[in-house]
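So the structure is just underneath, and the comments pick up after that.
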Amino acid sequence: MPMVKIDGVEIEVPAGITVLQACEMAGVEIPRFCYHERLSIAGNCRMCLVEVKPGPPKPQASCALPVADKQEIFTTTPGVKKARNGVMEFLLINHPLDCPICDQGGECDLQDQAMAYGFDRSRYHENKRAVPDKELGPLVKTSMNRCIHCTRCIRFATEVAGVEELGATGRGESMEVTTYVEHALSTELSGNLVDLCPVGALTSKPYAYEARPWELRKTESIDALDALGANIRLDARDGKVMRVLPRLNEDVNEEWISDKTRHAIDGLRYQRLDRPYVRKAGKLVDATWSEAFAAIAAKLEGVDGKKVAAIAGDQCDAESMVALKDLMTALGSPNVDCRQDGAKLEAGVRSSYIFNAGIRGIDAADAVLFVGTDPRAESPVLNARLRKRYLSGRCTFASIGPAADFTYPVERLGAGPATLRDLVAGKLGFFEKFKAAKNPLIVVGMGALAREDGAAVLALVRELAEKVNAVRGDWNGLAILHTAAARVGGLDLGLVPGEGGRDVAGILAGCEKREIDVVYLLAADEIDTQKLGKAFVIYQGHHGDAGANRADVILPGAAYTEKPGTYVNTEGRVQLGQRAGYPPGEAREDWAILRALSERLGKTLPYDTLDQVRARLVAVNPSFAALDQQAAGLWGAFGKAGTVSDAPFTSPVANFYMTCPISRASRTMAECTASRRQLMAAE
């Protein structure tokens, strides 16, 4: 490894890194605008100038200069300081003096570095150039007069998002960053452009002029709008979540989040349930908690437990799900299910329902097969990780399922189970290529498992994994891609039908036949409520969505930003979400509601505090004790051999921007939906 001297201090660094990276390893801060560790090197801004010996007699751009053995690097000489001051002066020639109204104020790299390298006046008296603002869609607001041509946005769109829609036209003073033909960006990751922009050229359109960073209380939490479990930071003012930003986690989301994660939070302000309701004479009327509990107790009195059922929704925290299961057990009901979409997954063998290789395991895969999934729509950040793997080379991709734009080349083998069956039988050429791979990865989506023949499809996938040696001591290549944040946690807790119990389809069929009298919906809105028939429906949730409209009693709960909660992501990683605000009105935390109801029903649950509930989680499944850890599940027999349909696999996500009560209530997501439809119509 090369030995270099940085400001007189010798340090050994890995070969092949840049001078800027070496300086960072030595703890020396180098100013930069265009350089970003997750993007290709552009060398545009020249702010990272240093002096190097032996080398040219002028300052060098450290971001683009490789280290060499016995190299001497100087970062604080008068020449370096003068060069950086000159670069800053050039950058500010055309920059408008609108910091007081700029949304980047307080978080602006240009502001920070101007304090260190700027001058208190300008020697340039020519008119500043004017650049028209561009229309990039409902999420990104442009102020192109502020652009310093760092090209971070262009490189992100091309390299990470895989959407080559941003570029530069013109040269010198006439250069502009644009979409060429003006239209909204077609990526689900466009909000990350705002984080990347080092000046105020790209800011958040929904957040424009809403708040300043120093006004906000920052809370580290977990996203519950999909199953990835992206690490996020909730910024709130007066208990109201103003924005969502990504947190760095190399194992999960790196430093990216999807547009839905970032911008659906305005849905928390609309259509909220803030007090209990009881249906009287066909209409829902306000009630007290005592009246709501009394109505439930009166209905349950004398009802056989087998005629009571419960369905857990897609955003439930583990604490509320374990309380729901314990309450149903106390009532004698085996009819409990957390699989709203009807996915044919069992709770016994953990390796059968998690992303065993881990999100980080994608980096080690050298052959990837998608079965019944469109990862770009189901988990855009995970899809960006798959694209990153494609860009690093030596990895092939194939798909059995819906035709989709993955943002990287994917060989489409077929559309449905028949192709999968042929692949397992070795009739397709891809089989030998897949078998020869060192670390084959099979990504299975809910489009393949949430079908009547889902168990048979899962059995075929297990057979394929065993045939191509995708499961061994040092690698487990079976990767189940969920769409619901609560699904893995629910399966870990055993929220599946007990002996003689009914699943979601069985519960709905029982309601239609009047074999089920009472249904408890724990934030479950993704079912066909028309099939609930004459059953007495208790809905506990935070939005007036489908479940609340059908309910006979409504118990207002808390959204994921309003309570501490435990979530298990698609790879089986247990993570803790934190409270950034409080639920509106009389709404309460979900586990606390179930605890209070159990007492009213004479079936008091054995915990009174959050810590006691979490101790119960660990008692039910020890995996809840291992926070922020991922490991493959133990392999075993799962799936059920049988006949598979010839119907093609379809993606479970019809509209990425509206998949849950929060996003359906969001005005920003409605604008994104309309924008995407216009874009598709134009194409």
Before accepting this row, confirm whether a basic side-chain N of the pair [X]/[Y] lies closer than 4.0 Å to the acidic partner's carboxylate O.
{"X": "D103", "Y": "R243", "value": "no"}
{"X": "E589", "Y": "R579", "value": "yes"}
{"X": "R262", "Y": "E188", "value": "no"}
{"X": "R272", "Y": "E562", "value": "yes"}
{"X": "D453", "Y": "R451", "value": "yes"}

Derivation of the salt bridge (Lys or Arg N to Asp or Glu O under 4.0 Å) call for K134 and E176:
CA-CA 10 Å; K134 307 301 187 290; E176 295 184 23; 2.9 Å; yes
From [X] atom [atom1] to [Y] atom [atom2], the distance as rounded to the nearest 0.5 Å:
{"X": "L166", "Y": "R155", "atom1": "CG", "atom2": "CZ", "result": "12.5 Å"}
{"X": "H543", "Y": "Q315", "atom1": "NE2", "atom2": "CD", "result": "9.0 Å"}
{"X": "K141", "Y": "Y209", "atom1": "NZ", "atom2": "OH", "result": "3.5 Å"}
{"X": "C316", "Y": "L493", "atom1": "SG", "atom2": "CG", "result": "11.0 Å"}
{"X": "L324", "Y": "C338", "atom1": "CG", "atom2": "SG", "result": "10.5 Å"}

Minimum heavy-atom separation for [X] to [Y], with atom names?
{"X": "V496", "Y": "A347", "result": "CG2-CB, 3.9 Å"}
{"X": "L139", "Y": "C672", "result": "CD2-SG, 3.5 Å"}
{"X": "L478", "Y": "N356", "result": "O-ND2, 2.8 Å"}
{"X": "L441", "Y": "A479", "result": "CD1-CB, 3.9 Å"}

Does some side-chain heavy atom of [Y] sit less than 4.5 Å from a side-chain heavy atom of [X]?
{"X": "L369", "Y": "L423", "result": "yes"}
{"X": "L481", "Y": "S379", "result": "yes"}
{"X": "T668", "Y": "P138", "result": "no"}
{"X": "L185", "Y": "L193", "result": "yes"}
{"X": "L679", "Y": "H183", "result": "yes"}
{"X": "D314", "Y": "C660", "result": "no"}
{"X": "M446", "Y": "L345", "result": "yes"}
{"X": "E159", "Y": "S40", "result": "yes"}

Name the one of D251, N249, D628 that satisfies side-chain hydrogen bond (donor to acceptor under 3.5 Å, both in side chains) with N231?
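So the option named by the test is N249.
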Per the side-chain hydrogen bond (donor to acceptor under 3.5 Å, both in side chains) rule, which among T407, T187, D405 passes with R376?
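Of the listed residues T407, T187, D405, the side-chain hydrogen bond (donor to acceptor under 3.5 Å, both in side chains) partner of R376 is D405.
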Taking the six-membered ring of Y657 (Phe, Tyr or Trp), confirm whether the NZ or CZ of R676 is under 6.0 Å from its centre and within 45° of its axis.
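The answer is no, since R676 fails at least one limit relative to Y657.
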Stacked cation flag R487 on Y353, 6.0 angstrom / 45 deg:
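Because its charged atom misses either the 6.0 Å distance or the 45° angle limit, R487 does not stack over Y353.
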List for me each residue that meets ring-ring contact (aromatic ring centres under 6.0 Å, His included) alongside F397, sequence neighbours excluded, and say none if there are none.
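For F397, the residues satisfying ring-ring contact (aromatic ring centres under 6.0 Å, His included) (neighbours in sequence not counted) are Y408.
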Test ring-ring contact (aromatic ring centres under 6.0 Å, His included) applied to F649 - qualifying residues, sequence neighbours left out:
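So F649 forms no ring-ring contact (aromatic ring centres under 6.0 Å, His included) with any residue.
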Looking just at side-chain N and O atoms, do Y539 and N549 make a donor-acceptor pair shorter than 3.5 Å?
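Note: Y539 and N549 side chains miss the donor-acceptor criterion.
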Quick one: list whatever passes salt bridge (charged side-chain N to carboxylate O under 4.0 Å, His left out) with [X], sequence neighbours left out.
{"X": "D133", "answer": "none"}
{"X": "E378", "answer": "none"}
{"X": "E220", "answer": "R247"}

For the CD atom on Q530, are there more than 12 heavy atoms of other groups (residues, nucleotides or ligands in this structure) within a distance under 6.0 Å?
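It does not: Q530 CD has 12 such atoms or fewer within range.
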Residue pairs fulfilling ring-ring contact (aromatic ring centres under 6.0 Å, His included) with at least one residue in residues 558-584, sequence neighbours excluded
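Listed by first then second residue: nothing to list.
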